[in-house]
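In what follows, a structure is listed as C-alpha cells, so that the remarks can point back to it.
In listed order, ligands and their atoms are each counted from 1. In what follows, every heavy atom counts, from backbone to side chain, and hydrogens, waters and symmetry copies are set aside. Remember, it's a predicted structure, so these values are computed and weren't measured experimentally.
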Amino acid sequence: MKLGCIADDFTGATDLANNLVRAGMRSVQTIGVPDGPPPAGAEAVVVALKSRTIPAAEAVAQSLAALRWLREHGAQQIYFKVCSTFDSTDRGNIGPVTEALMDALGCDFTIACPAFPANGRTVYKGYLFTGEVLLSEGSMREHPLTPMTDPSLVRVMQRQCRRRVGLIEHAVVRRGSEAIAARMAALRAEGIGIAIVDALDDADLHAMGHAFAALPLLTAGSGVAIGLPANFGLAPSAAAAELPPSSGARAIVSGSCSAASNAQVAAFLNRHPGRGFAVDPLLLAAGEDLAAAALAWAGTRLGEEPLLVYATAQPEAVKAVQAALGVEAAGALVERTLARVAEGLVGRGALRLVVAGGETSGACVQALGVKQLRIGTQIDPGVPWCQAFTGEGKPLHLALKSGNFGGADFFDKAFEVLP
Ligand code: ADP
C-alpha cells in the first residue's frame, strides 16, 4: 500500500478512490476498518467511515483506528478525505480529526484544501466558492446538519483547532511546487500547524500534489488526490481500473428521487418496455410484501437484458408519501425493501448490479454484506464500476450512483462500459 486514506463518508470515499484510479493508482474502498489485510495489489486503500456528523470524540476514535490499520499495512502517506464543501461545525469534525491524526503521526505541519475545480469548488484567498458564489451564499447555508455560513476556511478551521491555521495563497500556488514548498517551510517556521491552500484549477492541484509528496498527512477533498499518484511513479493507465471480467444477470435498483434519477428511470423504461417493477411506498405501508413480489416478478426475467426495480418518483409523489408516512419512516421503509430486493436479485444470479441513491446504496451494501470494493472503470463522472468482496467469494460487480450523478442514459451506459 502506498497511500492510506480515511474518508468521513461513504460516497466521498468512492469519489476519492475514483480520482486516484483515474490518476493511475489501483484503489480499494473498505466499508469501515477491515478485520484482515487489504487485498493484494491495492496501491491505495480508502477506509470509508460515517464520521462527518457524529460527536467529535467518536470521529477521532474511529479515524485513529483506521490510521492504525492503514499504517500496520504499510501506508506511506495518510489522506483524510473531507467534503468539498468542508462540511463541519465549530465542534468539528475536520479540525479535531486532523489534529488527532497529526498527534498520532508526530507531525507538526499539514495542509487543508477542499478544492475540486472540476466540480466547481475553488478556494481563493482562503475563501471557498461553490460554483459562482461564496460557500455561505449557496445551498450549504441551509444544510440541516452542517450549515456553512462562514466562507473563510481559515476562520472555520481555526475555530475547530488548537494549532494555528494559516494560508498558502494563490499567488504562491500558481508559481508552482517549489514556491508552495518554500511557503510551507516559512509557515512552519512561524509556528503555523495547518495551512489552507488556494486552488482554482487542476494545474494548481497537480503543483500541490508534487509539493505535498513528503507530508505525512493531508486533509483534503477528493481534488488534491489527482496530483498524488505521480509522486509514487504512477501515471494514468487503463490497468489501474482493470477489474476481473463480469458475468451474470444485469439488474438495477433505484431508490433515488433526484431529477437525474427520475430522468434515468424514465429513459430506461422507455427503452426497455415491461422491464421495470415499481415499488409503491403506500402499498408497503399497507403491509404488502413488495420485495417478495419484485423478486417473483424478476424470477424468469433475469438475464442478459437488464431489469429495473424502482421506488424513484417525482417530487409531488414523494411529498405525498412523506406527508402520509413521515419523511424518515418513508425513507427507511423504502430502503429496507430495496435492500432486500438487491440481496434477493444477487442471490438469484444478478452479479452485475447498479444501485441508484446514496442512502439506498448504503442500505444495499450493508444487506449484501459488502466489506470491500475494488474501484474500476468510470461510467460517468464520480461513478465507477466496482468489484465487491462480500466474504463469500462471489464475483459481484456493483455501481453505486449517488443522487444527481450520471446522464439520462446512465443505466444502459453502465452495462455497455462493463467488460
Ligand atoms: P439520493 O442519492 O438521490 O439522495 P438516496 O437513496 O440517498 O438518494 O435518498 C432517497 C431517499 O428517498 C431514500 O431514503 C429512499 O428510501 C427514499 N424514497 C425513495 N423513493 C421514495 C418514494 N417514492 N417516496 C418517498 N421516499 C422515497
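Ser254 and Ser256 share no side-chain donor-acceptor pair at under 3.5 Å. Gln62 and Lys50 share no side-chain donor-acceptor pair at under 3.5 Å.
Ring geometry, Trp385 versus Phe415: the interplanar angle falls from 30° to 60°, so the pair is classed tilted.
If you look at ligand 1, the protein residues with a non-hydrogen atom under 4.0 Å away are Gly255, Ser256, Cys257, Ser258, Pro281, Ala311, Ala313, Val318, Val321, Gly331, Val334, Glu335, Gly357, Gly358, Glu359, Thr360, Ser402, Gly403.
A 6.0 Å sphere centred on CZ of Arg22 holds no more than 12 heavy atoms belonging to other residues, nucleotides or ligands.
Only one option out of Asn93, Asp87, Thr53, Val82 pairs with Asp8 in a side-chain contact (heavy atoms from CB on, under 4.5 Å); it is Val82.
Residue pairs meeting the side-chain hydrogen bond (donor to acceptor under 3.5 Å, both in side chains) criterion with at least one partner in residues 139-163, sequence neighbours excluded, are Ser88-Gln160, Asp90-Arg159, Glu99-Arg163, Asp103-Arg162, Asp103-Arg163, His143-Thr146, Asp150-Arg155, Asp150-Arg159.
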